[in-house]
**Student:** 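My questions all concern the structure below.
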Amino acid sequence: QVHLAESGGGSVQTGGSLRLSCAVSGNINPRNCRGWFRQVTGGEREGVAAIDSDGTTSYAESVKGRFTISLDNAKPTVHLQMSALTPEDPAIYYCAAFVAPGCSLAGKPGAWGQGTQVTVSS
């Protein structure tokens, strides 16, 4: 069983920053991909950023240059540093772990965290 626990969500003003963290534990291959997805009410869950064990990253076009995903293998924890937040960024952000090979934002992670709310006010 895999357990992912997010932290760091909250409310910030437009242009502000937030750092999300996700502690990963349980029976999961440390070489498998980790990612962050987000979902607004009534919308589809979409991939935001992903990182493979070799450090290769991928980002949604809407967050490139503003968000940075990083992996701390010693803990193990995956972080999402979000900067220059806009009114298009509010959502519930979910940490995800892929249980099968592959690291695509269009993929299907096998394990999810409970989600953390991000709110951006003008």
Side-chain angles (χ1 to χ4, degrees):
Q1 188 173 356
V2 179
H3 183 65
L4 299 94
E6 301 103 335
S7 61
S11 182
V12 65
Q13 290 190 321
T14 298
S17 299
L18 281 174
R19 179 177 167 93
L20 306 182
S21 296
C22 175
V24 183
S25 61
N27 186 22
I28 187 166
N29 190 330
R31 292 192 295 273
N32 283 7
C33 178
R34 309 283 188 264
W36 288 93
F37 290 67
R38 67 185 180 186
Q39 187 171 20
V40 299
T41 302
E44 297 285 327
R45 192 168 297 187
E46 63 173 359
V48 175
I51 184 166
D52 217 334
S53 58
D54 65 357
T56 302
T57 58
S58 58
Y59 296 93
E61 283 297 321
S62 59
V63 307
K64 278 183 181 177
R66 301 188 298 120
F67 290 12
T68 302
I69 189 170
S70 60
L71 193 60
D72 182 347
N73 281 316
K75 291 190 178 179
T77 303
V78 58
H79 304 283
L80 185 68
Q81 178 67 48
M82 306 185 292
S83 303
L85 285 160
T86 76
E88 283 69 50
D89 293 317
I92 297 176
Y93 282 71
Y94 296 90
C95 176
F98 288 73
V99 297
C103 196
S104 168
L105 292 178
K108 300 289 186 184
W112 297 94
Q114 79 283 358
T116 185
Q117 180 74 53
V118 169
T119 304
V120 180
S121 59
S122 57

**Student:** Test of understanding: with side-chain contact (heavy atoms from CB on, under 4.5 Å), list the residues that count as partners of Thr56, not counting sequence neighbours.
**Tutor:** Asp52, Asp54
**Student:** With disulfide bond (SG atoms under 2.5 Å apart) as the rule and sequence neighbours excluded, what pairs involving residues 89-122 come up?
**Tutor:** Cys22-Cys95, Cys33-Cys103
**Student:** Name all pairs fulfilling the salt bridge (Lys or Arg N to Asp or Glu O under 4.0 Å) condition that reach into residues 80-89, sequence neighbours left out, sorted by first residue then second.
**Tutor:**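 Every pair satisfying salt bridge (Lys or Arg N to Asp or Glu O under 4.0 Å) with a residue in residues 80-89: Arg38-Asp89, Arg66-Asp89.
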**Student:** With sequence neighbours excluded, tell me which residues meet salt bridge (Lys or Arg N to Asp or Glu O under 4.0 Å) with Lys64.
**Tutor:**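 Listed in chain order: Glu61.
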**Student:** Would you compute the distance between atom OG of Ser25 and atom CG of Leu4 and round it to the nearest 0.5 angstrom?
**Tutor:** 7.5 Å
**Student:** Scan residues 7-19 for pairs that pass salt bridge (Lys or Arg N to Asp or Glu O under 4.0 Å), counting only residues two or more places apart or in two chains.
**Tutor:**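 Every candidate salt bridge (Lys or Arg N to Asp or Glu O under 4.0 Å) pair involving residues 7-19 fails, so no pair, neighbours aside, qualifies.
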**Student:** From Thr77 OG1 over to Arg34 CZ, what is the distance, rounded to the nearest 0.5 angstrom?
**Tutor:**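 Taking OG1 in Thr77 and CZ in Arg34, the distance rounds to 10.0 Å.
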**Student:** Taking only residues at least two apart or on different chains, which pairs with a member in residues 78-102 satisfy ring-ring contact (aromatic ring centres under 6.0 Å, His included)?
**Tutor:** none
**Student:** Determine yes or no for a side-chain-to-main-chain donor-acceptor pair under 3.5 angstrom, with Glu6 supplying the side chain and Gln114 the backbone.
**Tutor:** yes
**Student:** Going by ring-ring contact (aromatic ring centres under 6.0 Å, His included), name the residues that satisfy it together with Phe37, two or more places apart in sequence or in a different chain.
**Tutor:** Trp112
**Student:** Could you grab the distance from atom OG1 of Thr68 to atom CE of Met82, nearest 0.5 Å is fine?
**Tutor:** 11.0 Å
**Student:** Hey, could you give me the CG/CZ distance between Leu85 and Phe67, rounded to the nearest 0.5 Å?
**Tutor:** 5.0 Å
**Student:** Taking side-chain contact (heavy atoms from CB on, under 4.5 Å) as the definition, give me every residue that meets it alongside Thr119, ordered by chain and number, with sequence neighbours left out.
**Tutor:**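 With sequence neighbours excluded, Thr119 shows a side-chain contact (heavy atoms from CB on, under 4.5 Å) to Ser11, Gln117, given in chain and number order.
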**Student:** Any chance you could measure Ile92, atom CD1, to Thr41, atom OG1, to the nearest 0.5 Å?
**Tutor:**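 Taking CD1 in Ile92 and OG1 in Thr41, the distance rounds to 6.0 Å.
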**Student:** For Thr57, what residues pass the side-chain contact (heavy atoms from CB on, under 4.5 Å) criterion, not counting sequence neighbours?
**Tutor:** Ile51, Tyr59, Ile69
**Student:** With sequence neighbours excluded, tell me which residues meet side-chain contact (heavy atoms from CB on, under 4.5 Å) with Thr14.
**Tutor:**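 With neighbours one apart ignored, the set is Pro87, Val120, Ser122.
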